[in-house]
Amino acid sequence: MFSGFRGVDHVGIGVADMGAALEFFGQRLGFSDVLFDHTGDLPGIEELTHRRRTRARVAMLASQCPTPLGPGRIKLVQTLEEGGTPAAPPGTGWGEIGICEVCLHARDVPQVHKQLVDGLGCTSLMEPVSATVMPFEIGVELSYVADSDGGKVELIEWTGLWKALPGEPRLEGVNHVAFGVADMAATREFYGQLGFTHFVFETDGYFEPMRPWYPREMPRQHMVLVLPGQGAGIEPVQLHPTLDGRGTWGHAGPMEFAIGVSNLDAACAELRSAGIAFHSGPHTVDVGTGEWRYAYFHDPDGLAVSLVEARF
Ligand SMILES: [Fe+2]
């Protein structure tokens, strides 16, 4: 059994203006370490977009303060085809099928949130709240700000799970990605095969601070958080009722995620032998600082999720 799955490596975020996004994520959110900044055709994306080709500018960013609870990266994607970066799917609130947030770990959420909103001009989408999540009674502090294209960025501190590393209030790397699913049990079983095995919490109800986000009657929200042994985690959400909010690949805001692997060819062979279908790949792109290798597979909802082997 291939065991080189390393959790969520990065979350892909569509941006309309790469310059503005690099300033936002680099200067305000601390993702200032540019691992590559590549412009060119993206092989295999035509299987996702049904366009003949997809030319894009892609910047892979690492946090200047990655920690075990905030290890993940961010990949900004600006589509350069006619029409540019597609708009975010209309009519979505949070948790519809598709990607709905990127979550960064932080030390001292209230202080970091205040700094972002009052000091750096970020838009607050949810003021800091404290909660205790079941069944392990884990304390958590969280808030939300908008990214440069209006996408949802959660700030979280797992105060009851693991004490943050010492230091000043700060933002760290990606803690988890949230995405809507149609069948929670099928999703958990599927991602369990990919190393997402540390169950952290499960809630089923209405998280009231999110109520204003829905342009329709608020659906019931069933959410689960699962962390892997290394890398960032996943937060699948099943809404009752739900709708399809995945939109066009590359759309503005959080739009995909990638699972890190130590050996892409071995990982693909393992998943294929388990009956998992691939959209495309493996592909290798020369990004100047090295090779970016990826392949896209179908998850139980047909979401295009990638495996990534970072040789840069
Ligand atoms: Fe979250």
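These numbers come from the heavy atoms of this one structure, side chains and all, not from hydrogens, waters or symmetry mates. Every number for a ligand or one of its atoms is a count from 1 in the order of the listing. The first residue of the sequence shown is numbered 1, and numbering continues consecutively from there.
Under a hydrophobic clustering in which Ile, Leu, Val, Met, Phe, Trp and Tyr are joined whenever their side-chain heavy atoms come within less than 4.5 Å, directly or via other members, Ile13 and Ile259 fall into the same cluster.
With 2.8 Å as the limit, His176 counts as an N, O or S neighbour of the Fe ion (ligand 1).
Note on Glu154: its N/O/S atom closest to the Fe ion (ligand 1) is OE1. No other N/O/S atom of Glu235 lies as close to the Fe ion (ligand 1) as OE1 does. Distances from the Fe ion (ligand 1) to each N, O or S atom of Glu101 single out OE2 as the nearest.
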### Message
Does Arg311 form a salt bridge (Lys or Arg N to Asp or Glu O under 4.0 Å) with Glu309? I'd like the steps, not just the answer.
### Response
CA-CA 6 Å; Arg311 294 184 178 173; Glu309 181 186 333; 2.8 Å; yes
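Ser124 and Glu127 share a donor-acceptor pair across their side chains, judged by distance under 3.5 Å alone.
A side-chain hydrogen bond (donor to acceptor under 3.5 Å, both in side chains) with Glu256 holds for exactly one of Arg246, His10, Lys75; it is Lys75.
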